[in-house]
Amino acid sequence: MSTAETQVSSLPMPPERYISNYTEENIRRNRAPRPPPPPSQHEVYSMFGIQYNNDEMIRSLESQNIKRLIPIHFDRRKELKKLNHSLLVNFLDLIDFLILNPDSPRRTEKIDDLSLLFVNMHHLLNEFRPHQARETLRVMMEMQKRQRVETATRFQKHLERVREIVNSAFAALPTLYDDDEHGGAKIKMEVDPLESNAAAKNDPSYQHDRMMCKLVDSID
């Protein structure tokens, strides 16, 4: 590992350290810390004491001064199986050294070999992170799409049901006709006193009733 790396805590600072900076007084006086700007494409940043570059999402083993056990072009599934088998073999060898000769220097060598195998396997698994992120985003978008389609379908069903109810209500209304044309009983139509009263037209309930009547006539 690089000697320039510093030892830092793996956990962030307590929330109180951040909350205390965002008081109402600091916000009113524009003293609250601004959010950090997004990193540029070639910017180098530090995380847990390790320098990272935005050009590479996952640092290569060579950049971390770690021996690479897997080839450049390979089948990840096969290489993971090979690393897993190597781990088991080296672990059994370590058990033999601990039983037969615990003070043998080969014991330390086997521990280093196991650590190197674990690091290479961990790096190989990390290379699947971009694919995992894309698949997770794809599943989330598919779920949102399915929920919206289901909501639109339910809304369309309710709309059709309301239209059927309104049409049935209109069909059940009695037909008004004149006695001279149809020869039936003449229905006396009385003038609504509110129609002839100009002051009543300023009533909000009257205006609301007129608007609902026009809406029903337009649906028919």
Side-chain angles (χ1 to χ4, degrees), residues 1-2 5-24 26-28 30-88 115-167 215 218-219:
M1 301 296 290
S2 175
E5 297 175 359
T6 59
Q7 297 293 330
V8 295
S9 175
S10 59
L11 299 176
M13 292 189 300
E16 290 79 7
R17 297 287 298 275
Y18 299 99
I19 298 173
S20 60
N21 296 326
Y22 292 91
T23 60
E24 295 182 359
N26 290 340
I27 295 175
R28 183 169 57 255
N30 200 16
R31 294 180 179 177
R34 298 292 181 182
S40 60
Q41 183 177 2
H42 303 287
E43 184 178 354
V44 178
Y45 62 95
S46 176
M47 184 173 61
F48 300 131
I50 303 176
Q51 297 293 328
Y52 290 93
N53 193 336
N54 288 331
D55 293 336
E56 53 181 8
M57 184 177 299
I58 301 176
R59 297 179 62 191
S60 62
L61 294 174
E62 292 79 6
S63 64
Q64 305 177 58
N65 297 326
I66 300 175
K67 183 180 179 181
R68 186 183 184 92
L69 302 180
I70 52 181
I72 302 298
H73 303 285
F74 57 91
D75 186 358
R76 287 178 171 81
R77 182 179 299 178
K78 293 181 179 180
E79 293 300 327
L80 281 174
K81 289 182 178 179
K82 291 180 182 179
L83 291 174
N84 191 26
H85 293 164
S86 300
L87 283 172
L88 294 176
S115 300
L116 184 60
L117 288 169
F118 275 117
V119 170
N120 277 264
M121 179 177 287
H122 188 266
H123 176 76
L124 189 58
L125 292 174
N126 280 339
E127 291 184 348
F128 284 101
R129 295 301 182 186
H131 174 71
Q132 180 185 10
R134 288 192 296 269
E135 288 298 315
T136 302
L137 181 60
R138 183 183 62 83
V139 172
M140 291 175 59
M141 295 180 67
E142 288 181 353
M143 291 178 60
Q144 293 178 2
K145 178 183 177 182
R146 183 169 61 252
Q147 292 175 356
R148 293 177 180 178
V149 170
E150 292 176 354
T151 302
T153 303
R154 290 196 302 269
F155 177 79
Q156 187 66 29
K157 291 181 179 179
H158 289 304
L159 181 60
E160 295 295 334
R161 178 60 178 167
V162 170
R163 287 178 177 175
E164 292 178 0
I165 294 174
V166 172
N167 292 333
L215 179 60
S218 62
I219 295 177

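Every heavy atom of this structure was used, including side-chain atoms; hydrogens, water molecules and symmetry mates were not. Every value quoted in this text rests on a predicted model; they were computed, and no experiment measured them.
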For the pair Lys82 and Glu79, find out whether any cationic side-chain nitrogen is under 4.0 Å from an anionic carboxylate oxygen.
yes
Around atom [atom1] of [X], are there more than 12 heavy atoms of other residues, nucleotides or ligands at under 6.0 Å?
| X | atom1 | answer |
| --- | --- | --- |
| Phe118 | CZ | no |
| Gln144 | CD | yes |
| Arg148 | CZ | no |

Walk me through it: do Glu142 and Arg146 pass the test salt bridge (charged side-chain N to carboxylate O under 4.0 Å, His left out)?
CA-CA 6 Å; Glu142 288 181 353; Arg146 183 169 61 252; 5.6 Å; no
How many angstroms lie between atom [atom1] of [X] and atom [atom2] of [Y], to the nearest 0.5 angstrom?
| X | Y | atom1 | atom2 | result |
| --- | --- | --- | --- | --- |
| His123 | Leu69 | NE2 | CG | 11.0 Å |
| Arg77 | Leu124 | CZ | CG | 12.5 Å |
| Glu164 | Asn167 | CD | CG | 8.0 Å |
| Lys78 | Ile70 | NZ | CD1 | 15.0 Å |

Main-chain N/O of Tyr22 paired to Asn26 side chain as donor or acceptor, under 3.5 Å:
no
Ignoring hydrogens and geometry, is there a side-chain-to-backbone donor-acceptor pair from Asn120 to Leu116 under 3.5 Å?
yes
Pairwise side-chain contact, Leu125 with Leu80, heavy-atom cut-off 4.5 Å (strictly under)
yes
Non-hydrogen side-chain atoms of Thr151 and Arg154 separated by less than 4.5 Å
yes
All side-chain hydrogen bond (donor to acceptor under 3.5 Å, both in side chains) counterparts of Asn21, not counting sequence neighbours
none
Pick from Glu127, Arg134, Gln132: which one makes a side-chain contact (heavy atoms from CB on, under 4.5 Å) with Pro130?
Arg134
Checking Arg31 now: which residues fulfil salt bridge (Lys or Arg N to Asp or Glu O under 4.0 Å) with it, not counting sequence neighbours?
none
For Arg163 and Glu160, run salt bridge (charged side-chain N to carboxylate O under 4.0 Å, His left out): C-alpha distance rounded to whole Å, both residues' side-chain angles, the deciding distance at 0.1 Å, then the answer.
CA-CA 5 Å; Arg163 287 178 177 175; Glu160 295 295 334; 3.7 Å; yes
